[in-house]
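Numbers here simply count residues along the sequence, with the first being 1. First listed ligand is number 1; within each ligand, the first listed atom is number 1. On a predicted model such as this, the values are computed, not experimentally measured, just so you know.
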Amino acid sequence: MRFEISKVLDAIEGRVCTDPSLARAVLDLAEVIRYQDLDGGRPANLLRLGMVIDALARDLEEDSVPVYAIVHRALLSDADLTSNERMVVRRWADDGLVEVLDHPGDRMLEVADLLGLPVLSRARFDGLRGRFPWTVEQPGRVLAPVPGAGGPVFIAHVGGGNVPVAGTRSATGEKLLARQWRCPEPGCALFGGGGGGGAFADLARVERAPAGQPPPSLRGGVPTCPRHGARLGDAGPRPRTEVLAVRIGGLIRRRFVLTEEQPVLVGRAPEQQGGIVLGQWLNDEARRWISRGHVRFELRATAPGRGAASDAPSRSGRGEVIVTDVSTNGSGIRPGGSMTEADRIALKPQQSRVLSAGDMVELYPGVQVGRADELPSGAPFTPTSVMAEAPTMAMRLPRP
Ligand SMILES: [Zn+2]
């Protein structure tokens with residue numbers, strides 16, 4: 001039993017992050033774990049975070065949607081949690097996967113404001129409407145997770161809807177996220193140079209890339225570390241990023257961030273650190289076709305004047321995404337997302353191509369990668385639950 005719970009907590013760990021490009025909603029962990037009415041169990045239970053994340057994935061019709069969790073520091077020693085749960089939360093804190101604060105205050109709303117994310121909370125934010133008008137003006141932007149028939153459901157504070165609605169990054173958020181920041185506190189898990197430095201530093205597995213830094217807190221107009229209250233130093237422009245998504249069987253299975261520093265391998269089971277593993281979603285035929293590392297994605301700055309010469313329409317400021325087939329069997333390009341077979345362009349092993357607007361890379365029929373904002377989720381399938389025991393269900397894909 002204990003082992004099973006560990007596996008579920010590990011699965012939840014993959015769904016918490018402070019990366020502005022990947023987080024899809026903001027919540028307060030201390031609040032969510034005390035939603036006793038969700039299961040009628042003990043006063044605090046970390047598994048309730050998984051239940052809320054599952055509900056979010058279902059509503060957004062994607063398989064894995066990470067949340068940005070604000071964590072009151074007292075939670076790290078909360079006696080209502082099991083020692084195992086406390087250890088897990090401390091590990092998340094040390095790895096910078098969650099934001100641990102002495103005084104969370106209105107940080108949850110600040111993050112939502114800067115990043116344009118929905119807020120999952122039962123709290124009323126009456127006193128904060130002036131500063132964050134979207135809490136009352138944008139229906140679906142703030143939702144309360146409440147008990148439903150098959151797990152939690154969301155009820156919008158305003159407008160009565162059930163589906164979380166994202167806004168846009170505020171102008172301040174855009175400005176803050178254009179730079180990278182450095183906290184003077186040694187080992188800062190949020191704005192440090194690398195992994196955590198806390199009591200569990202030896203377990204830290206996350207090297208925080210500058211591109212994935214959380215948004216600073218703005219105090220009196222000064223970018224500040226929300227954890228240490230220290231003024232942040234400006235460490236130069238933030239690296240360019242592009243968010244790509246993997247769609248299998250019509251459903252977005254996960255998103256990942258591509259930076260100029262680090263190419264990303266996608267395949268059945270890439271050996272590269274940070275590679276995108278698809279194996280758990282593939283049927284036998286697809287597993288046989290798709291190589292361990294199948295395609296490699298790179299991001300590079302668009303060379304001046306080059307956009308017009310290549311067949312890739314220039315996407316100003318976003319850089320070019322280059323795909324290289326590194327497989328045994330090859331892959332294909334769906335130009336502009338066209339599913340017409342006559343349009344499909346073969347990408348032979350070792351061939352490269354610059355992705356044009358809307359282009360999808362197809363590793364195997366039904367297994368596609370493209371820019372996240374250009375790849376809609378068809379959602380004919382139920383997202384895999386993070387609460388389910390790993391490994392997740394293998395899907396049946398159409399035969400080639
Ligand atoms: Zn700090």
In Å, rounded to the nearest 0.5 Å, how long is the span from [atom1] of [X] to [atom2] of [Y]?
X: Arg253; Y: Ile276; atom1: CZ; atom2: CD1; value: 15.0 Å
X: Trp281; Y: Arg254; atom1: CH2; atom2: CZ; value: 6.5 Å
X: Ile333; Y: Leu347; atom1: CD1; atom2: CG; value: 5.0 Å

Next on the checklist: Counting only heavy atoms from other residues, nucleotides and ligands, does the tally under 6.0 Å from CZ of Arg219 exceed 12?
Outcome noted: yes
Next on the checklist: Could you work out, with side-chain hydrogen bond (donor to acceptor under 3.5 Å, both in side chains) as the rule, every residue matching Thr172, not counting sequence neighbours?
Outcome noted: none
Checklist entry - Please walk me through it: do Ser217 and Glu110 pass side chain to side chain donor-acceptor pair (under 3.5 Å)? => result CA-CA 8 Å; Ser217 185; Glu110 182 185 46; 2.9 Å; yes
Item to check | Proximal protein heteroatoms (N, O or S) of the Zn ion (ligand 1), under 2.8 Å | outcome: Cys183 SG, Cys188 SG, Cys225 SG, His228 ND1
